Amino acid sequence: MSIHAKIKSAREKRGWSQQRLADEVSRLEGLPKPLNWQTVQQWEKTTAPKNSRLRFVAAALGVPPGELLDTSSDALLAHPLSQAVSIMPLRAMPWRELKMITKPGVVYAEVGEHSIEQFKIGTVLRFEFGAAPEFGDKVLIRDAAGELHFRIYSQALAGGWVGVADRVGFMPLSPVDGAQVVAVKTAHFMEER
């Protein structure tokens with residue numbers, strides 16, 4: 001089932017109008033200007049909610065965020081990474097298992113006690129493995145030893161790149177170090193327990 005159909009089905013199960021869902025998402029997200037019913041209509045027909053809003057839509061509808069993901073075969077085939085796209089259940093991917101990912105795909109990882117400092121324990125991060133990073137993206141970089149490092153992607157001179165940390169004490173990484181960018185962080189949210 002597509003994300004559009006899942007949102008519509010969950011809304012109708014609650015007996016809500018499109019405007020009621022728009023109001024509830026606006027309240028949960030703390031928006032100064034509320035969403036309108038046309039936005040929900042788009043979610044149900046053409047355009048999925050942006051990643052940063054998905055958790056608020058899920059919370060309003062009373063479902064886990066992962067339940068709204070589009071896992072239909074058509075959606076997977078249409079994905080920019082085309083083949084081998086895998087969508088993991090939110091709790092199925094501890095941080096330490098990310099280093100085992102080698103093929104392109106969308107994965108979710110939960111930050112644990114020995115994870116990255118920038119996020120609280122329990123935060124769920126969405127990564128696209130194999131995606132092309134852009135300047136300023138938060139990325140996972142695999143070093144020559146196979147370890148993963150969380151960095152900010154930055155262009156460097158001579159057509160190369162460098163991964164720089166947003167905190168003091170973390171060394172930059174670049175292809176010169178035998179490192180490669182393996183994933184781009186596309187969203188993060190605290191999973192409701």
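What you see is a predicted model; the values in this text were computed from it and never measured.
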Determine, step by step, whether H149 and D143 satisfy the side-chain contact (heavy atoms from CB on, under 4.5 Å) criterion, reporting the C-alpha distance in whole Å, the side-chain angles of both residues, the deciding distance to 0.1 Å, and the verdict.
-> CA-CA 8 Å; H149 304 274; D143 65 18; 2.7 Å; yes
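Residue pairs satisfying the salt bridge (charged side-chain N to carboxylate O under 4.0 Å, His left out) criterion with at least one member in residues 12-26, sequence neighbours excluded, are listed as follows: E24-R27. Residue pairs satisfying the salt bridge (charged side-chain N to carboxylate O under 4.0 Å, His left out) criterion with at least one member in residues 30-49, sequence neighbours excluded, are listed as follows: R11-E44.
Residues L61 and L21 form a side-chain contact, since some pair of their non-hydrogen atoms from C-beta on lies under 4.5 Å apart. Using a 4.5 Å cut-off on side-chain heavy atoms (C-beta onward), P49 and I3 make contact.
Residues passing the side-chain hydrogen bond (donor to acceptor under 3.5 Å, both in side chains) test with K138, sequence neighbours excluded: D166. The side-chain contact (heavy atoms from CB on, under 4.5 Å) search around A179 returns I141, W161, L173, not counting sequence neighbours. For E147, the salt bridge (charged side-chain N to carboxylate O under 4.0 Å, His left out) partners are K99, not counting sequence neighbours. In terms of the side-chain contact (heavy atoms from CB on, under 4.5 Å) criterion, residue partners of L35 (sequence neighbours excluded) are, by chain and number, A22, V25, S26, L31, T39, W43, R53. Scanning for salt bridge (charged side-chain N to carboxylate O under 4.0 Å, His left out) contacts around K185 gives an empty result, with sequence neighbours left out.
Panel note: side chain N36, backbone Q38; a donor-acceptor pair is recorded below 3.5 Å.
Residues P172 and V162 approach most closely at CB-CG2, 3.6 Å, considering heavy atoms. Between S154 and F135, the shortest heavy-atom contact is OG-CE1, 3.6 Å.
In this structure, CG in L148 is found 5.0 Å from CZ in R142, a value given to the nearest 0.5 Å. Atoms CG and CZ, on L140 and F129 in that order, are 5.5 Å from each other to the nearest 0.5 Å. Taking OG1 from T46 and CD from Q41, the interatomic distance works out to 8.5 Å, rounded to the nearest 0.5 Å. Distance check: W37 CH2 to Q18 CD gives 6.5 Å after rounding to the nearest 0.5 Å.
When the side chains of ILVMFWY residues are joined at heavy-atom separations under 4.5 Å, either directly or via intervening members, I152 and V176 end up in two distinct hydrophobic clusters. Clustering ILVMFWY residues whenever any of their side-chain heavy atoms sit less than 4.5 angstrom apart, transitively, puts M171 in the very cluster that holds V181.
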